[in-house]
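The next block holds one structure in the form of structure tokens; read it before the comments.
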Amino acid sequence: MAFDIEMIKAVYERMPARIEAARKLVGKPLTLTEKILYSHLWEGTASSSYARGASYVDFAPDRVAMQDATAQMALLQFMQAGRPKVAVPSTVHCDHLIEAKVSSNTDLAVAVDKNKEVYEFLSSVSDKYGIGFWKPGAGIIHQVVLENYAFPGGMMIGTDSHTVNAGGLGMIAIGVGGADACDVMAGLAWELKFPKLIGVKLKGKLNGWTSAKDVILKVAGILTVKGGTGCVVEYFGEGATSMSCTGKGTICNMGAEIGATTSTFGYDDSMARYLESTGRADVAALANGVKEHLTADPEVYANPEAYFDQVIEIDLDTLEPHLNGPFTPDLATPISKMKELAEKNGWPTKVEVGLIGSCTNSSYEDIARAASLAKQVAAKGLKTKAQFTITPGSELVRYTIERDGLIDTFNTIGATVFSNACGPCIGQWARPGAEKGEKNTIVHSFNRNFAKRADGNPNTYAFVASPELVTALAIAGDLTFNPITDTLTNEKGEQVKLEAPSGDELPKQGFAAEDAGYQAPAEDGSSVQVKVSPTSDRLQLLDPFAAWEGTDLTGLKLLIKAKGKCTTDHISMAGPWLKYRGHLDNISNNMLIGAVNFFNEKTDNVKNQLTGEYGAVPATQRAYKAAGIGTIVVGDTNYGEGSSREHAAMEPRHLGVRAVLVKSFARIHETNLKKQGMLALTFANEADYDKIQEDDSFSILGLQGFAPDKALTIELTHKDGSKESFLVNHSYNAQQIEWFKAGGALNIIRASVK
Ligand code: MIC
Ligand code: SF4
């Protein structure tokens, strides 16, 4: 039986009437996205229709998921909310803190030892508050959610940007910061601006070398890393229904890379098959009973332009395999153009390592198709040129592929199998020699490829592709190898061609695992003790942030004017810093160390206006803090793209930054800043970015009249004493302004329990 089946039943019981009411209010047929959103309103049945891209709406998500690296902060906050138990089904997954070094079992044992304190904390908090706990080794959050919790038509939030993966099972699943998760677990509403809708029509069918990953690689090329901001992407068409459920998951997963709020697909047979094969025939039966509500009204897909804000059409019959990168997931190159582009751009073409797996791409189908290529190596007398690694997404997949001989197949090409965890995808790859900083190329089936993301080496050129293409390129050892047209020279000197990949969508003998790694919480957790040592360097209880002083902010200094791409990896790097995710003061020592200083083009090197000296960003900020001087961070477009990690907002808050002023924000990061009581501002006129000079002081004026849709004013005082003013916008609603005034949303919840 599936987890929380009663909750799922209740959702399906409410759905038809709520959808009917919404259809009347909206006055036209509904997309799937609208159906799910309108059936999850905090107010219950809709009383009015909402404006896309404009109305802030309170929702009631069905569940919450958290991974270990973000759960620590989320649960440290929840502990202060004064609730005995979580209000909705919630889970914690231990996946991010496991380093990939030697091999699965060795690495897991090392992680369990190294992270003992954190795992014990998460396990005991989970036990106490009624949260399901997935132990280290159980798998990556999104894969485990897809296998166990996701259900068509449901709505969930998760403290990880790739929570959107569950769209593959027809959910609206959204990545959030820990403070948002804390609200929902505390029984409060969750707020989101009603999204705009992008429809993607998939014509034709996947075939040959092309896989589901190529759909999203193509979409990322079209929409870029910010094209999906504020939007939900809904996929439909024969190409959608003919694709596997896990393939849909891959597409939704990487929707995070276009900034989309989430992506989803209508319920179909592939989802029913997946539910049944993962032991949830009961959910499939329930879903079948409300089928018509789990997809858009027929008029919508017949005439999408009339219902979506933007429509994209992709023909799967002609879609080519793609490679996206380096350094950004939206630089999309069809494989046939790689030779030309690599040469033009000077990308190293020798592939050193091919890495498959991760939360994005480690379904049974992915692994089986990649294995079909590995099998050809010996059969065709080839030798694999690059190193090859596999990171299974869950123990369920790992156990099953081992049973079915697929790991043995990979072993024949010298593969290393890492733990069922994030590992190399999040800088937890202890890659030998990475410290030398040599220019080199890797290909992987993950989702992100920002600088330093996999191995910490800024000169590693990472390209994202399907697991099939990664395997082929690893065999060839060459980024420009096009398996559709090119041949390889085998050991006998013959020219051989790889045959297109093939593999079962689901295991013929069903999924299996000896121990999936789940720990149920205590029925009554009131006597469970949660321990945090006051001397720990991994965990630190939170102190409330100070409330707004009630005046305009004056005399702020410029901490950094960041140039170009500034993702959450630049603001709060992962990899070696993941160990401090539960300790705000310690992790603050990585604040903005990856951001490029506009004035000297260096990272982690900014001017301290008090001394005139240049130094590291965190140390400089601590000096301002010690002097009681507030600061401001200035940034470019799509600031804070990438992760949901609220540390990127809490660190500046903790260290005394008062405002972040940018050309535009990524959604989750902007909300995280607001939640933590920071000012998140955007230039009314982007060109005003150019006015900011290195020695500027800032005043933020108009805060006493801080109101929705009302611009604030920034007054700059340059070094020579001259002044300049300009307007800055914000997207705070009345509630969010209260968060700012209280010094953070949590202070309001705290006050309500006293
Ligand atoms: C990531 O893929 O960047 C992460 C690590 O999963 C993050 C969460 C984190 O920073 O802990 C995400 O995507 O939200
Ligand atoms: Fe883990 Fe990478 Fe997936 Fe993030 S994207 S959850 S780091 S596997």
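As the structure lists them, so they are numbered: ligands from 1, and atoms in each ligand from 1.
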Excluding waters, which protein N, O or S atoms are within less than 2.8 Å of atom 2 (Fe) of ligand 2?
-> C425 SG

Quick one: which ligand 2 atoms are inside 4.0 Å of a heavy atom on H142?
-> 6 (S)

Answer yes or no for R453: is there a heavy-atom contact with ligand 2 below 4.0 Å?
-> yes

For ligand 1, note which part of E646 has a heavy atom under 4.0 Å away: side chain, backbone, both or neither.
-> neither

Any side-chain heavy-atom pair of R538 and N115 under 4.5 Å = yes

Under 3.5 Å, is there a donor-acceptor pair between the N361 and K213 side chains?
-> yes

Derivation of the side chain to side chain contact (heavy atoms under 4.5 Å, CB included) call for Q621 and V657 = CA-CA 8 Å; Q621 179 56 35; V657 177; 3.8 Å; yes

Can you find an N or O of S643 that's nearer than 3.5 Å to an N or O of ligand 1?
-> yes

Using 30° and 60° as the class limits, which term best fits the ring planes of Y639 and H669: parallel, tilted or perpendicular?
-> tilted

Measure the distance from atom 13 (O) of ligand 1 to every protein heavy atom, then report the residue, atom name and distance (to 0.1 Å) of the closest one.
-> S161 OG, 2.5 Å

Ligand-residue contact atoms, ligand 2 with D160, heavy atoms, under 4.0 Å | 6 (S)

Protein heavy-atom partner closest to atom 2 (O) of ligand 1 - residue, atom, separation in Å = R453 NH2, 2.7 Å

F3 vs Y518 aromatic rings, parallel, tilted or perpendicular, using cut-offs 30° and 60°?
-> perpendicular

Looking only at protein heavy atoms, which one is nearest to atom 10 (O) of ligand 1, and how far off is it?
-> R645 NE, 2.5 Å

Proximity flag H647 to ligand 1, non-hydrogen atoms under 4.0 Å = no

Do any nitrogen or oxygen atoms of Q67 come within less than 3.5 Å of a nitrogen or oxygen of ligand 1?
-> yes

Heavy-atom side-chain contact between T391 and S362 under 4.5 Å = no

How does I426 reach ligand 1, if at all, at less than 4.0 Å between non-hydrogen atoms: by side chain, backbone, both, or neither?
-> side chain

Looking only at side chains, do Q77 and E646 share a donor and an acceptor under 3.5 Å apart?
-> yes

Indicate yes or no: does E402 engage R398 in a salt bridge with an N to O separation below 4.0 Å.
-> yes

Has ligand 1 got any nitrogen or oxygen that is less than 3.5 angstrom from a nitrogen or oxygen of T70?
-> no

The residue among L578, I98, D95 that forms side chain to side chain contact (heavy atoms under 4.5 Å, CB included) with Q428 is L578

Is the gap between the ring centers of F78 and Y129 under 6.0 Å?
-> yes

How close does the nearest protein non-hydrogen atom get to atom 6 (O) of ligand 1, and which residue and atom is it?
-> D160 OD2, 2.6 Å

Distance flag, aromatic centroids of F327 and F450, threshold under 6.0 Å | no

